[in-house]
Amino acid sequence: MTELAFKPCIVIPVFNHEHAIGAVVARLLAHGVPLILVDDASLAAGARRLDALAAAHPAQVTLLRHPRNLGKGGAVMTGCRHAHAQGYSHALQIDADGQHDTDDVPRFLAQAQAAPDAVIVGHPVYDASVPAARFYGRYATHIWVWINTLSLQIRDSMCGFRVYPLAPLMALACKRMLGQRMNFDTDVLVRLYWDGLSMVNLPTRVGYPSDGVSHFQLWRDNVLITRMHTRLFFGMLWRAPRLLARHWRAR
């Protein structure tokens with residue numbers, strides 16, 4: 001991919017974030033990058049807020065809508081497929097709840113332009129608002145990701161602030177059904193790494209969140225994440241020689 005082909009957009013999956021999404025959109029619009037909002041079947045108040053934002057910024061904001069809730073991963077992929085079809089080269093994914101530092105958008109996009117074939121992955125720097133259970137609970141997934149990639153290249157697979165090169169993401173989605181819910185962020189990074197993409201980790205400040213809305217469902221999402229790690233582990237086993245050879249060549 002050449003520098004001239006770099007054409008980014010921002011994809012935001014939204015589900016009932018009517019109290020936070022207006023401020024998030026306002027901060028993102030300041031960066032002059034087109035926004036794709038994906039309404040993952042929000043309730044009436046959330047849907048109305050998104051309609052108003054799209055109507056207020058028709059040249060900068062595209063609103064897509066799911067008739068039923070597909071989950072965060074489903075919403076991200078809807079946005080990325082639309083972006084790819086519209087000729088965008090890269091999609092910056094950011095959450096709708098206001099936890100991410102939107103001032104870092106130019107830095108993430110500059111890194112994506114400098115390394116257009118890599119995934120730019122947010123590495124969270126938490127403030128005092130992070131719940132201790134979430135902070136320490138993430139380490140189980142970190143360890144499994146390091147096992148399933150046989151590397152430490154992905155420092156944090158759960159941060160929802162990252163930039164995807166769209167061509168390899170679409171190629172992956174054509175051959176593999178990715179996690180649809182809270183298992184998406186980790187699943188897609190491990191599989192893109194398996195496909196040979198480099199990972200560039202950038203530190204970014206993260207708070208918890210401005211509207212107090214969390215869609216993590218303890219039992220359902222933990223079961224999905226456990227199943228994902230199990231599938232990835234067995235997928236890693238037959239890829240292990242190639243993964244180890246990749247690390248050896250990089251020395």
Side-chain angles (χ1 to χ4, degrees), residues 71-73 76-77 91-95 99-101 104 107-108 111-112 114-115 117-127 130-165 168-169 171-173 175-206 208 216 218-251:
K72 178 183 180 180
V76 170
M77 289 307 300
L92 184 148
Q93 171 191 327
I94 190 168
D95 291 342
Q99 67 175 303
H100 298 302
D101 185 357
D104 280 342
R107 187 162 60 93
F108 273 62
Q111 186 62 64
D117 297 318
V119 184
I120 314 304
V121 186
H123 177 230
V125 178
Y126 292 106
D127 64 18
V130 61
R134 288 198 183 189
F135 179 78
Y136 292 108
R138 297 169 80 91
Y139 277 88
T141 283
H142 296 345
I143 291 168
W144 273 114
V145 167
W146 299 335
I147 291 170
N148 290 332
T149 59
L150 297 179
S151 80
L152 301 177
Q153 291 300 304
I154 300 173
R155 295 190 64 181
D156 189 305
S157 69
M158 302 176 74
C159 182
F161 191 7
R162 55 186 59 174
V163 185
Y164 299 107
L169 177 61
L172 173 61
K175 67 182 181 181
R176 176 73 199 186
M177 181 69 175
L178 298 166
Q180 293 289 287
R181 297 190 177 275
M182 296 299 184
N183 51 348
F184 170 79
D185 285 337
T186 296
D187 195 24
V188 69
L189 283 192
V190 171
R191 294 185 182 281
L192 287 172
Y193 182 84
W194 284 353
D195 282 352
L197 272 69
S198 299
M199 303 285 151
V200 176
N201 299 281
L202 288 187
T204 183
R205 290 177 297 174
V206 176
Y208 271 81
F216 188 89
L218 183 63
W219 295 108
R220 182 197 68 187
D221 288 318
N222 276 325
V223 167
L224 289 173
I225 289 169
T226 300
R227 288 176 178 170
M228 173 199 67
H229 287 312
T230 302
R231 286 194 298 269
L232 292 175
F233 176 74
F234 286 105
M236 175 275 294
L237 290 177
W238 69 265
R239 292 177 173 89
R242 178 163 55 85
L243 292 171
L244 291 170
R246 174 179 176 180
H247 303 325
W248 182 260
R249 290 193 300 271
R251 293 182 128 193

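Since we're looking at a predicted model, the values are computed, not measured.
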Quick check: closest heavy atoms across Val206 and Pro124, and the distance to 0.1 Å? CG2-CB, 3.7 Å
Phe161: which residues meet the ring-ring contact (aromatic ring centres under 6.0 Å, His included) condition with it, sequence neighbours left out? His100, Phe108
Please name the pair of heavy atoms, one in Arg162 and one in Val121, separated by the smallest distance, quoted to 0.1 Å. CB-CA, 4.2 Å
Please name the pair of heavy atoms, one in Ala173 and one in Met77, separated by the smallest distance, quoted to 0.1 Å. CB-CE, 3.6 Å
I'd like to know if the side chain of Asp104 reaches the main chain of Thr204, judged simply by a donor and an acceptor atom lying under 3.5 Å from each other, with no hydrogens or angles considered. no
Under the side-chain contact (heavy atoms from CB on, under 4.5 Å) rule, collect the residues that match up with Ala171, sequence neighbours excluded. none
In terms of heavy-atom contacts, Leu197 and Asp117 come closest through CG-O, 3.6 Å
When rounded to the nearest 0.5 angstrom, what distance separates CH2 in Trp144 from CD1 in Ile225? 14.0 Å
Any pair with a residue in residues 231-242 that passes salt bridge (charged side-chain N to carboxylate O under 4.0 Å, His left out), sequence neighbours left out, goes on the list, sorted by first then second residue, please. none
In Å and rounded to the nearest 0.5 Å, what is the CZ to CG distance from Arg191 to Leu178? 7.0 Å
I'd like to check the side-chain contact (heavy atoms from CB on, under 4.5 Å) partners of Leu244; sequence neighbours left out, ordered by chain and number. Leu150
If you look at every heavy atom in Gly179 and Asp187, which pair is closest and at what distance? N-OD2, 2.9 Å
Judged by atom type as modelled, is there a donor-acceptor pair below 3.5 Å linking the side chain of Trp194 to the main-chain atoms of Leu243? no
Are Thr141 and Ser157 close enough that some pair of their side-chain heavy atoms sits under 4.5 Å apart? yes
Could you tell me the separation between the CE atom of Met158 and the OG1 atom of Thr186, rounded to the nearest 0.5 Å? 5.5 Å
Ala114 meets the side-chain contact (heavy atoms from CB on, under 4.5 Å) criterion, sequence neighbours left out, with Gln111
First locate atom CD1 of Ile120, then atom OH of Tyr164, and finally report the distance between them rounded to the nearest 0.5 Å. 12.0 Å
Counterpart residues, side chain to side chain donor-acceptor pair (under 3.5 Å), relative to Asp185 (two or more places apart): Lys72, Gln93
With side chains defined as the heavy atoms from C-beta onward, is the minimum distance between Asn183 and His229 less than 4.5 Å? no
With sequence neighbours left out, the residues meeting salt bridge (charged side-chain N to carboxylate O under 4.0 Å, His left out) with Arg176 are none
Results of salt bridge (charged side-chain N to carboxylate O under 4.0 Å, His left out) for Arg155 - residues two or more places apart only: none
Can you list every salt bridge (charged side-chain N to carboxylate O under 4.0 Å, His left out) pair that touches residues 194-205, not counting sequence neighbours? Asp101-Arg205, Lys175-Asp195
Shortest non-hydrogen separation from Gly122 to Cys159 and the atoms involved: O-CB, 3.3 Å
Partner set under side-chain contact (heavy atoms from CB on, under 4.5 Å) for Ser151, not counting sequence neighbours: Thr149, Gln153, Tyr193, His247
